[in-house]
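Remember, it's 1-based here, ligands and their atoms both numbered in the order they're listed. Basis for what follows: all heavy atoms, side chains included, without hydrogens, waters or symmetry-related copies.
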Amino acid sequence: MAFELPALDYAHDALEPHIDTRTMEIHHGKHHAGYTSKLNSAVAGTDLDGKSIEDILGGLDMNNGAVRNNGGGYYNHDLFWKVMSPNGGGEPSGELAEAINSAFGSFDAFKDAFANAAATRFGSGWAWLCVHKGGELDVCGTPNQDNPLMPGVGCGGHPILGIDVWEHAYYLNYQNRRPDYISAFWNVINWDEVSARFAAGK
Ligand code: MN
């Protein structure tokens with residue numbers, strides 16, 4: 001069965017002023033849609049056809065550029081829309097908060113590590129908060145549409161939070177001010193969703 005562009009759980013303007021309406025329209029409706037259709041073309045008629053995206057990325061031949069770029073783009077953006085919410089922001093609680101304190105020392109220290117991974121990614125890519133089996137957390141960055149589910153990529157954990165630092169994610173509103181976009185991202189993080197992904201992935 002072909003992959004489908006997942007619908008957003010909120011309106012295009014719902015993340016204003018942190019992420020602007022036009023960026024959301026183009027990012028979801030054009031960029032994510034493009035990765036989705038190109039992924040379908042890349043797997044059609046191959047032995048990857050019918051597999052889940054997690055299985056495809058986990059067993060990926062890194063020399064398969066079409067599946068690496070478009071499968072990564074499909075998965076990464078699906079995660080990205082879901083870990084944001086117009087009711088987001090604040091801080092995590094419960095087991096995730098404890099795991100963050102254990103791994104980084106404090107929530108603020110985690111924010112510094114995550115923001116640093118996002119700010120220092122040269123060119124296009126992503127920064128991630130990942131969970132390893134056993135519940136340990138890691139921050140890493142990856143280039144282009146790579147992610148840590150792929151063999152040998154990043155910290156090798158399961159991503160539970162990610163920020164897209166491709167210019168298409170922020171340029172209309174923030175131009176070259178990537179740090180301002182990263183700062184604004186904290187206001188829209190859906191910690192309930194991140195906590196659910198932590199619980200499922202640990
Ligand atoms: Mn993107």
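- The shortest distance between side-chain heavy atoms of Pro92 and Phe107 falls below 4.5 Å.
- Between Asp9 and Lys82 no salt bridge is recorded (no basic side-chain N to carboxylate O distance below 4.0 Å).
- Aromatic ring pairs are classed by plane angle as parallel below 30°, tilted from 30° to 60° and perpendicular above 60°; the pair His28 and Trp81 is perpendicular.
- The heavy-atom pair separating Cys140 from Pro148 by the smallest distance is SG-CG, 3.8 Å.
- Excluding waters, the count of protein N/O/S atoms less than 2.8 Å from the Mn ion (ligand 1) comes to 4.
- Atom-to-atom distance recorded for Ile182:CD1 and Phe114:CZ is 8.5 Å, nearest 0.5 angstrom.
- In this structure, Glu54 places its CD atom where more than 12 heavy-atom neighbours from other residues, nucleotides or ligands lie under 6.0 Å away.
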